[in-house]
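Residue indices begin at 1 and follow the sequence shown.
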Amino acid sequence: MKHKVLWNIFYGGFGLIFLNLFLRTLFLNYCYDYPLIPVLGCVVCLAGVLLVANFILEKFPVLLQYSNRIFFGGLAVQFMVLLWMGTHLETVGNNDFGSVYHSAETWVLEQRFPEIGYFAIYPNNMGAFLLLKDVFQVMHWMGWRHFFLGGLALNLISIFCAITGVYFLAKKLLGDKAALLSFVAFGSWCPLYFWVAVFYTDMLSLGYIPWVLYFCVKALEASKKTGIFFGVGWWCAACLTAAIGSCIKSVVWIPLIAGFVWLALQLDKKQLAAMVLCAVVLCSGVNGIFQWRVNGWLPAESREKAFPAEHWIMMGLVGDGSYNHADFLLSSSIDSPEERREVARNEIALRFKQRSPAAFWKFLQIKQLRSFGSGNADVHHFLEAGPVHQSIALQLGASYGEYHYIYEYLSQGWLVLMLGSLSYIAAKGMVQEKLKIPLGLCCGAILGLWMFLLIWEAGQRYLIAGIPMMAFVMAAAFDRKAKITKK
């Protein structure tokens, strides 16, 4: 196969990175305070569920003939649970989520934009605001005032797109059994049933991510079977999906970049040149339209208050790499955009100089745990802000809840099992030549997310963007007979 040595180097490095994270999450984890034994019990239980599912599908292969029916039937049951959880976890909203939610609500009801100062600093949240505003406006025209249900509906649509995207991606690359296992893996991610009530950027952008990867697979397939024209057509679909999704959260670019690198290892230079041209035109066009709409809401003087990218890199170099209020105050105190950027760059350089190579290595180990060391996805911060209902769902999700420990054990167990699966799949990719390419797409996207979170501000909820790829990899790890399909 082409680039065999390169693939082996990739899987070797990938395996070392996530084996290190797996061991540190278990034994050197500063950001998880619950006992280890119950977590390991949850790991065993979740692994058992996947092993039993794999055994049943192997023992009764006739079930695979009805894989789509089984999948959509299971999805219908899952959505009943999600709908119940979402309606019982309703909250008035706080922090960034509250600013976006209430700004959209206030504009529809009162034609006021009360949080213009917030969006001037964080224009990256304008995409979520505009989406919610448009949905709330339609609800208002129809006489509906319970806008929370509109946001919940958007989250359910995003979740539907994410789960179906992973399912069809696994079906295309690994077969029917892996596709059903990916559904089990995704469905067993506990935070999904709590984040459904928080329609913020992390969840609203989730549905775009697996479809970007799926369209990349279709682009490769079409390029080899029907020629460059159809391959570029599917690539354009991937670019449009990523460009639209990035208007809500820029992390959606990561799977597109991973997909391009994956394609670059398999296509010729003419095909790649055509794809680069299409990507530049389409992504620039979508971004230009989106910026034009944002500029209509934020006056020029307000846009000058926006924090530059350097602000989040600067913030990611202090403490454990997560949010730092002192850095927020520093950037907020500077009026000039050029000076704000220059101060951030100087502070970044200073923080690099203040650490020796050994100290910086130790810092990176701490920082990656801030994102990958706890599986709770920080959902309790959102659920605890003015809950509307005192339900058992809240008792599970809120940190003060009577049963919150169950949520912590289950979510951490899934995380540990996922990290172990990533380590195992790296070895599987090195040994089984036919799996190098199919596994490489999602593994590359996960590695891209890991690299991004080492550079950017760290946080547990930022891991949400990687859940679709991680569910795919878990399915591949538990599918003993995974192989590339002939479909």
Side-chain angles (χ1 to χ4, degrees), residues 86 89-108 112-136 147-148 150-152 154-155 158 191 194-206 208 245-252 290 294 297-298 302-303 305-309 311-316 319-332 370-371 374 376-388 397-399 452-453 456-465 467:
L89 288 170
E90 182 178 354
T91 174
V92 298
N94 72 335
N95 299 330
D96 299 283
F97 167 53
S99 295
V100 174
Y101 176 19
H102 296 307
S103 293
E105 187 177 45
T106 303
W107 174 260
V108 171
R112 288 191 305 111
F113 194 26
E115 295 275 4
I116 190 169
Y118 168 83
F119 288 103
I121 294 174
Y122 301 116
N124 53 298
N125 286 335
M126 281 295 296
F129 161 75
L130 293 171
L131 177 61
L132 289 174
K133 178 194 73 68
D134 291 344
V135 171
F136 292 175
F147 295 127
F148 176 85
L152 176 61
L154 285 174
N155 260 5
S158 182
F194 296 84
W195 265 96
V196 67
V198 184
F199 33 92
Y200 187 49
T201 57
D202 306 272
M203 289 301 295
L204 293 175
S205 61
L206 186 66
Y208 295 91
S246 70
C247 295
I248 300 173
K249 197 170 186 70
S250 58
V251 76
V252 182
F290 175 67
V294 169
W297 284 84
L298 298 177
S302 295
R303 297 198 297 273
K305 298 178 181 178
F307 286 178
H311 166 81
W312 280 274
I313 298 173
M314 172 182 71
M315 190 180 288
D320 62 359
S322 59
Y323 175 81
N324 183 269
H325 192 62
D327 284 346
F328 169 80
L329 294 176
L330 174 63
S331 295
S332 300
R370 183 64 181 86
S371 296
S374 176
N376 64 28
D378 283 336
V379 72
H380 57 281
H381 293 307
F382 299 93
L383 300 181
E384 293 166 3
V388 175
S399 60
F452 172 75
L453 292 176
W456 209 250
E457 173 196 359
Q460 291 156 13
R461 69 179 175 86
Y462 300 140
L463 205 61
I464 292 174
I467 298 301

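At a threshold of 4.5 Å between non-hydrogen side-chain atoms, the residues Met203 and Ile464 count as touching. Between Leu204 and Asn155 there is a side-chain heavy-atom pair separated by less than 4.5 Å. Considering only heavy atoms from C-beta on, Phe119 comes within 4.5 Å of Phe129 through its side chain. The side-chain heavy atoms of Phe307 and Ser332, taken from C-beta on, include a pair separated by under 4.5 Å. Annotation: side chain of Ser331 is in contact with side chain of Met314 (closest heavy-atom distance under 4.5 Å). Between Phe148 and Val388, every side-chain heavy-atom pair lies at or beyond the 4.5 Å cut-off. Residues Trp195 and Leu89 are not in side-chain contact: their nearest non-hydrogen atoms beyond the backbone lie 4.5 Å or more apart.
Here the CG atom belonging to Asp202 is positioned 4.5 Å from the CZ atom belonging to Arg461, to the nearest 0.5 angstrom. Once rounded to the nearest 0.5 Å, the distance linking OH of Tyr118 with CD1 of Ile116 reads 14.0 Å. Interatomic distance, Ser246 OG to Phe290 CZ, rounded to the nearest 0.5 Å: 8.0 Å. Distance check: Trp456 CH2 to Ser250 OG gives 6.5 Å after rounding to the nearest 0.5 Å.
For Tyr101, the side chain to side chain donor-acceptor pair (under 3.5 Å) criterion is met by no residue, not counting sequence neighbours. Under the rule for a side chain to side chain contact (heavy atoms under 4.5 Å, CB included), the partners of Pro308 that lie at least two apart in sequence or sit in another chain are Glu310, His311, Arg340, Arg341.
Here the options are His381, His380, Glu384, the test is side chain to side chain donor-acceptor pair (under 3.5 Å), and the partner is Ser399; only Glu384 passes.
Panel note: side chain Ser371, backbone Gly459; a donor-acceptor pair is recorded below 3.5 Å. With Ser158 contributing its side chain and Leu154 its backbone, the two residues share no donor-acceptor pair below 3.5 Å.
The salt bridge (Lys or Arg N to Asp or Glu O under 4.0 Å) analysis of residues 121-133, with sequence neighbours excluded, yields no pairs.
Using cut-offs of 30° and 60° for the angle between ring planes, the Tyr323 and Phe328 rings count as tilted.
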Q: Step by step, work out the side-chain contact (heavy atoms from CB on, under 4.5 Å) result for Glu115 and Tyr122.
A: CA-CA 10 Å; Glu115 295 275 4; Tyr122 301 116; over 6 Å; no

